[in-house]
Student: 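If you scroll down you'll find the structure; I have some questions about it.
Just so it is clear, the model here is predicted, and its values are computed rather than measured. Positions are given from 1 along the sequence.
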Amino acid sequence: MSFPLLTVTAAVPAVGAVLTAAVPAARRTAAKWLALLVSLATLVLAGLVFARFEPGGERYQLTESYAWIKDFGVRYELGVDGIGVALIALTALLIPFVILAGWHDADPLETSSKRWRPTQGFFALILMVEAMVILSFEATDVFLFYILFEAMLIPMYFLIGGFGDRAHAGSDENAAAQRSYAAVKFLLYNLVGGLIMLAAVIGLYVVAGNFSLTEIAGARANGSLEIATSTERWLFLGFFFAFAVKAPLWPLHTWLPNAMGEATAPVAVLITAVVDKVGTFAMLRFCLGLFPEASKWATPAIVVLALISIVYGALVAVGQRDIKRLVAYASISHFGFIILGIFAMTSQGQSGATLYMVNHGISTAALMLVAGFLISRRGSRLIADYGGVQKVAPVLAGTFLIGGLATLSLPGLAPFVSEFLVLVGTFARYPVAGVVATTGIVLAALYTLVLYQRTMTGPVKEEVRRLPDLRPRELAVVVPLIALLIFLGVFPKPLTDVVNPAVRHTMSDVQQKDPQPEVEAAK
């Protein structure tokens, strides 16, 4: 039996979460270092997964399969393709930065014993989320994926509701009420989506007789399994609805601004840069892989919804007064680009969408974490409470600017490559949709540059005059993220080499070929 690398990669943060939670209450610093070391060990294992994956090899590699619930045909079945490998690497990469950035976010407050925060629980929950997300990127059994898809809601609920942002306008009671509202809204939206998906999972088992993604997709490809058109469409809608909530796609997006606004900055990064990627990843793996005809049938409507997300998210971001909610609405716009790329049904669009998942995770982490450092210094999330920060904290302002420029997809930074590929792939099949999507680029420049102008330039406000610049721990968080944005912006080949073969398999699933350019014959 070969070494179960995929299982170990997910098991290390899960075991680390238990050990971190078990650290005595008085040993908070030890719990932090333990969580950080576990996340670094997970990063090493994810690097091994990336290194051992052969882009030109089998579609699913490093596979593991064991009987689990024999009576219902449920198996513990794992395997990774290029898309899964890229997202596992993203998850493992971001978690150490999330832990470092949130180093003091769960420390007890001296002002009130009632607001004591269990430090060990905070970091244990982060590691548990990491374990579930990694395992969801590896799962090739539909039922196993569903269990993970739902289970990750529990630690996220407690991270949002129990460890909210301290920079909250109003009383402690009002802050607690807002956190509770955001956490419950997050949970209810995703639970409803999950329950609808459960019905679709059961329906899939009824028609297919098992939960194995590879077996069902293979049977459909060779014609040994036929699903009625109406049944396939209903099953597709059940899966897609759950993934669209998680993504989040308009009009199922409204939980995200509340959750990101009330959570700490590191937890906000965990939500949008890590957990939400499960939704878009699942669209590629399960919607297109299991229901190719239904995916093509639903494409026009999904493209329209993606375009609305792009434009709506960007427009609302322009009018935001809260820094974190601005980043949340910008993320809604970016997820619209990802979903547009997936359902453009072109290799450029789907490669761009996968790269966008990775690059959006890095750029949003950089911007949100720097914003979190700024907010923790001033104690306010309101844009109007800032001004002239670049004169008192130039390094903070400079890193904030680079994170913002990455968000608007400036050429030379990683998101530009992915956004360009999405637009090229969209123009090739849906030119009008491509034109509409480009408005999101203009609006992104507007909300990003206005945010920087209002917070970092102009006269120095008295309240920010004594703000310290970034500290060594904070630089250790931000500098590597910025370096990655630049590296992948000028040299995306390490990712494209891994992603492109997986995209070709997905295009084959839906029996689509790239449109050929129309060239006039030479006279």
Student: Please give me the minimum heavy-atom distance between G194 and A242, naming the atom from each residue.
Tutor: N-CB, 4.3 Å
Student: When rounded to the nearest 0.5 angstrom, what distance separates CG in L367 from CD1 in I482?
Tutor: 10.0 Å
Student: Looking at every heavy atom in both V499 and A86, which two are closest together, and how far apart are they?
Tutor: CG2-CB, 4.3 Å
Student: If you look at every heavy atom in L256 and P248, which pair is closest and at what distance?
Tutor: CD2-CG, 3.6 Å
Student: Parallel under 30°, tilted from 30 to 60°, perpendicular over 60°: which one fits the rings of F286 and F239?
Tutor: parallel
Student: Look up atom CZ in F337 and atom CD1 in I339, then write down how far apart they are to the nearest 0.5 Å.
Tutor: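 It is 12.0 Å, given to the nearest 0.5 Å.
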Student: Of R504, R285, R59, which meets salt bridge (Lys or Arg N to Asp or Glu O under 4.0 Å) against D509?
Tutor: R59
Student: Apply the side-chain contact (heavy atoms from CB on, under 4.5 Å) test between F335 and each candidate in K277, H253, M357; give the one that qualifies.
Tutor: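 So, applying the side-chain contact (heavy atoms from CB on, under 4.5 Å) to F335 and each of K277, H253, M357, only K277 qualifies.
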Student: For T299 and S295, indicate whether the former's side chain and the latter's backbone hold a donor-acceptor pair under 3.5 Å.
Tutor: yes
Student: Verify whether one side chain among Y329 and Q320 offers a donor that lies under 3.5 Å from an acceptor in the other.
Tutor: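 No, Q320 and Y329 have no side-chain donor paired with an acceptor closer than 3.5 Å.
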Student: T399 side chain to V395 main-chain N or O, any donor-acceptor pair under 3.5 Å?
Tutor: yes
Student: How long is the gap from CG on D276 to CD1 on I338, to the nearest 0.5 Å?
Tutor: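 Output value for this atom pair is 9.5 Å.
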Student: Before you tell me yes or no, could you show the steps for M456 and L374 under side-chain contact (heavy atoms from CB on, under 4.5 Å), namely the whole-Å CA-CA distance, both residues' side-chain angles and the distance that decides it to 0.1 Å?
Tutor: CA-CA 11 Å; M456 302 295 165; L374 176 66; 3.7 Å; yes
Student: Give the C-alpha distance, both sets of side-chain angles, the deciding distance and a yes or no for side-chain contact (heavy atoms from CB on, under 4.5 Å) between V85 and D81.
Tutor: CA-CA 6 Å; V85 165; D81 61 359; over 6 Å; no
Student: Any sub-3.5 Å donor-acceptor pair from S309's side-chain atoms to W250's backbone N or O?
Tutor: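 Yes; judged by distance alone, with no hydrogens or angles, the pair exists.
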Student: Nearest 0.5 angstrom please: L315 CG to L443 CG, how far?
Tutor: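 Output value for this atom pair is 5.0 Å.
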Student: Going through the checks in order, is the side-chain contact (heavy atoms from CB on, under 4.5 Å) test met by F145 and M197?
Tutor: CA-CA 11 Å; F145 174 83; M197 180 183 168; 3.7 Å; yes
Student: Are E463 and R377 ion-paired here, with the side-chain N under 4.0 Å from a carboxylate O?
Tutor: no
Student: Is there a side-chain contact between P257 and I332 (heavy atoms, below 4.5 Å)?
Tutor: yes
Student: Do the charged groups of E262 and R381 touch, with an N to O distance under 4.0 Å?
Tutor: yes
Student: A side-chain contact here means heavy atoms from C-beta on lying under 4.5 Å apart; do V142 and Y146 qualify?
Tutor: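 No, too far: nothing below the 4.5 Å cut-off.
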Student: Checking the side chain of K246 only, and the main-chain atoms of V275 only, is there a donor and an acceptor separated by less than 3.5 Å?
Tutor: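 No, the answer is negative, given that no donor and acceptor are paired below the 3.5 Å cut-off.
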Student: First locate atom CH2 of W255, then atom CE of M260, and finally report the distance between them rounded to the nearest 0.5 Å.
Tutor: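 So the gap between those two atoms works out to 9.0 Å.
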Student: Look only at the side chain of Q348 and the backbone of L421, and say whether a donor-acceptor pair between them is shorter than 3.5 Å.
Tutor: no
Student: Kindly compute the distance separating OH (Y157) from CG (L153), expressed to the nearest 0.5 Å.
Tutor: 12.0 Å
Student: I'd like to know if the side chain of R429 and the backbone of M345 have a donor-acceptor N/O pair within less than 3.5 Å.
Tutor: yes
Student: Answer yes or no: does atom OH of Y452 have more than 12 heavy-atom neighbours from other residues, nucleotides or ligands under 6.0 Å?
Tutor: yes
Student: May I ask you to say whether D385 pairs ionically with R454, meaning some side-chain N is under 4.0 Å from a carboxylate O?
Tutor: no
Student: Do the side chains of I95 and L270 get nearer than 4.5 Å, heavy atoms only?
Tutor: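 They are in side-chain contact.
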Student: Which atoms form the tightest heavy-atom contact between A131 and A10, and what is the distance?
Tutor: CB-O, 3.3 Å
Student: In the structure I gave you, are the side-chain heavy atoms of F373 and V478 within less than 4.5 Å of one another anywhere?
Tutor: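 Yes, their side chains come closer than 4.5 Å.
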Student: Looking only at heavy atoms, what is the nearest atom pair of E138 and I88, with distance?
Tutor: CG-CD1, 3.6 Å
Student: Quick one: closest heavy-atom pair of L408 and A445, and the distance?
Tutor: CD2-CA, 3.9 Å
Student: Treating T354 as the side-chain partner and Q350 as the backbone partner, does any N or O pair qualify as donor plus acceptor under 3.5 Å?
Tutor: yes
Student: Would the distance check show the side chain of T439 and the main-chain N or O of V436 forming a donor-acceptor pair, the cut-off being under 3.5 Å?
Tutor: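 It does hold such a pair.
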Student: Does P394 reach the side chain of D469, with side-chain heavy atoms less than 4.5 Å apart?
Tutor: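 Yes, their side chains come closer than 4.5 Å.
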Student: Using modelled atom types only, decide if a donor and an acceptor are shared between the side chain of T346 and the backbone of G425 within a distance under 3.5 Å.
Tutor: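 Yes; at least one donor-acceptor contact below 3.5 Å.
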Student: Report yes or no: is the cationic atom of K461 (NZ for Lys, CZ for Arg) closer than 6.0 Å to the six-membered ring centre of Y386, at no more than 45° off its axis?
Tutor: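 Not satisfied by the 6.0 Å and 45° rule.
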Student: Looking at side-chain heavy atoms only, is the closest gap between V269 and T364 below 4.5 Å?
Tutor: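 Contact flag for V269/T364 side chains = no.
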Student: Find out whether M156 and N190 are in side-chain contact, i.e. whether some heavy atom of one side chain is under 4.5 Å from a heavy atom of the other.
Tutor: no
Student: Are the aromatic ring centres of F291 and F240 under 6.0 angstrom apart?
Tutor: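 For F291 and F240, the ring centres are not under 6.0 Å apart.
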Student: Under the criterion side-chain contact (heavy atoms from CB on, under 4.5 Å), I'd like the reasoning laid out for L369 against L481: C-alpha separation, chi angles, the key distance, then a yes or no.
Tutor: CA-CA 10 Å; L369 293 178; L481 293 174; 4.2 Å; yes
Student: Is the closest side-chain heavy-atom distance between V98 and V274 below 4.5 Å?
Tutor: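 The answer is no; the side chains never approach within 4.5 Å.
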Student: Has the side chain of S333 got a donor or acceptor atom that lies under 3.5 Å from a matching backbone atom of I310?
Tutor: yes
Student: Are F137 and F281 close enough that their ring centres sit under 6.0 Å apart?
Tutor: yes
Student: Salt bridge or not between R220 and E232? Use side-chain N to carboxylate O under 4.0 Å.
Tutor: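 A salt bridge is present here (some side-chain N lies under 4.0 Å from a carboxylate O).
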